Amino acid sequence: MQVELNKALVNRWFFVALTIGCSLVCASAVVSVSNFYGWGFGSFSADRYYQLSTSGAICAWIGISRLDTTFLPWFFFGVAPLLACLPYTWSFRSELMSGYFAQGTTRSTRCQCMLAKFAAVFLSSGLTVAAPLVLSYLVVSCFIPGYVPDPGEGLSVPIEESYPFSSLFFSRPTLYFLAITSFDFLLCGSWGVVVLAASFVVKNRVVLVAGSFLLQYFLHYANSTFMPLVFGNYFRLQYNLPSLLWPVANGDVPCLGLALALIALGTGGSLAYCLAKIRREQL
Amino acid sequence: MTFWRCFRFDFAEGLRTSWPALVAIGAVGFANSVYFYSLLSFFPDGCASFGSFLVGFCEGVTAPSTQDLSRFRFPVAWLLGIALVLYATLRFPCRDVAGFGESVVVRCGKRATWWLSKCLWVAVYTVGCFVVAIVAVGLAAAVTGAPFALTIENLQGFAFYDPDVVVIGPWEPLAFLLTYAAMLVGLSLLQLTLSFLLRPSLAYLATLSLAFASALASSPLLPCEYLMAARSSLFVDGGVDSWQGFAFAALLALCSLVAGGVVFVRKDLVDTEVDE
């Protein structure tokens, strides 16, 4: 497990994905902070509470991005499915072809090797998106006061009551940030291990990484075009990674229970499939 | 090994390995046209020709206003079309430089011959993808009974339709469609160069980033700006000029060809990983 975690997290692809993610969120944070002061919010004394509560740190965070007027949050959440797969999802196929995985199985059982790989992929994929989200909150919190958003501020309130964890947003913003970040971590981790399971079938790593990204956009496309036609606008199934990671932008509120069930199904199903396949795989 | 023999080999081998992407592009083109047709039913005056269906496939989105980003809807169908075309030409050239492909490089005599052959393959295959999309869209148009004409009589049904913004019709989309094909070729060649300079996955990420940036921002320097009907001067006031886009695409293709050639000629091909 230690070896796998080391390989997953001290790896240039993880570094590249993390650098891209962190650069995007830092740029977005700079825009939000400069807008906060540029729009005159910062000219008031913070403790006098003159400004809108929806211009606080939680609303400047990239997960809400009320103060960012650029395309950076769209870009970050748009490429997140690709970033999540970039660091380590392809490693199993690569090690299988090079014979490295077969070497590993001489030192422990196949299932143990697979479990370690599974955990490392889950962690690296999840962290690739969750770590920039944490960084974004840290950066904006250094410069923007942490107001608790007031639901009575009408149109300036970025999320509605029906959104996931909305009660936390209006009462304990930091807990809301932690809840959304954990949710995104689980989503990306789960997607990472689904791609890992797919690497039993897909032999080319470029196809694996780029194809998984395309698949998410196929889902997004089907969700935003044919689903409303079939089910009507009141039942839009936005269960694809770009929409689930950032529901605020898409305006389609996912059912939290169903999303968590999908995460559990993706992770559990992939684990069962990987363990079943590795027993029969010719190394 | 002559250039044409090398290209013939690439054509056959590339088609064998990359045909699923062609099928996917056809399926998306057909599905998008069916969806477009379903939108027309909401407009009593909405009549669509073959040209309308084609432009619907590469509609894109108007540039988002910085004041009201919350109403912006990302053009998923448009992005998917571009992502599929780029994906179709991503894998084969880099894979083909290893294993048996390495001996083909040697038998070509000059690396430049191999490189030019791959560039031609990428250009032909990209145009092929566009032709497949046109055929799929044409099929959908024929099924719905749309007249087989490029001229668009009515822009109702398009997401970018705004009577205050669109130019006076009827609209002739030929220049836009030619620019679309040329810009796709330019982007594919840029991706080919980047995939030898970096890695295929990163090259794909980089070219897709251009598409994302073009959808979310507006600048004539962003190549994918010319791939959106919603931002073309043929349809909307203040849009980008299609022929200017064509020239931009030619410049992009030429720069990629030259820069990629320089990179490839100096690249160490020994022990290139087969499955990368």
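In what follows, every chain begins at residue 1, and chains take the letters A, B, ... in the order their sequences are listed. These numbers come from a predicted model, not from an experiment.
Side-chain polar atoms of B:S219 and B:E225 form no donor-acceptor pair below 3.5 angstrom.
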key: Test log, rule ring pair (Phe, Tyr, Trp, His ring centres under 6.0 Å), inputs B:F11 and B:Y125   = CA-CA 8 Å; B:F11 188 78; B:Y125 206 76; 7.8 Å; no
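Residues B:A215 and B:V61 come closest through the heavy atom pair O-CG1, 3.9 Å.
With a 4.5 Å cut-off on non-hydrogen atoms, A:L214 touches chain B through its backbone and its side chain both. Only the side chain of A:L86 comes within contact range of chain B, with at least one heavy atom under 4.5 Å from a heavy atom of that chain. Proximity to chain B (any heavy atom under 4.5 Å) is shown, for A:V207, by both the backbone and the side chain. Using a 4.5 Å cut-off between heavy atoms, B:A31 contacts chain A through both its backbone and its side chain.
With respect to chain A, the highest number of heavy-atom pairs below 4.5 Å among B:L86, B:L84, B:L90 belongs to B:L84. Between chain A and the residues B:L208, B:L79, B:N32, the most heavy-atom pairs under 4.5 angstrom are made by B:N32.
Taking the six-membered ring for Trp and the full ring otherwise, the centers of A:Y217 and A:F213 sit less than 6.0 Å from each other. Here A:F92 and A:F101 bring their ring centres to under 6.0 angstrom of each other.
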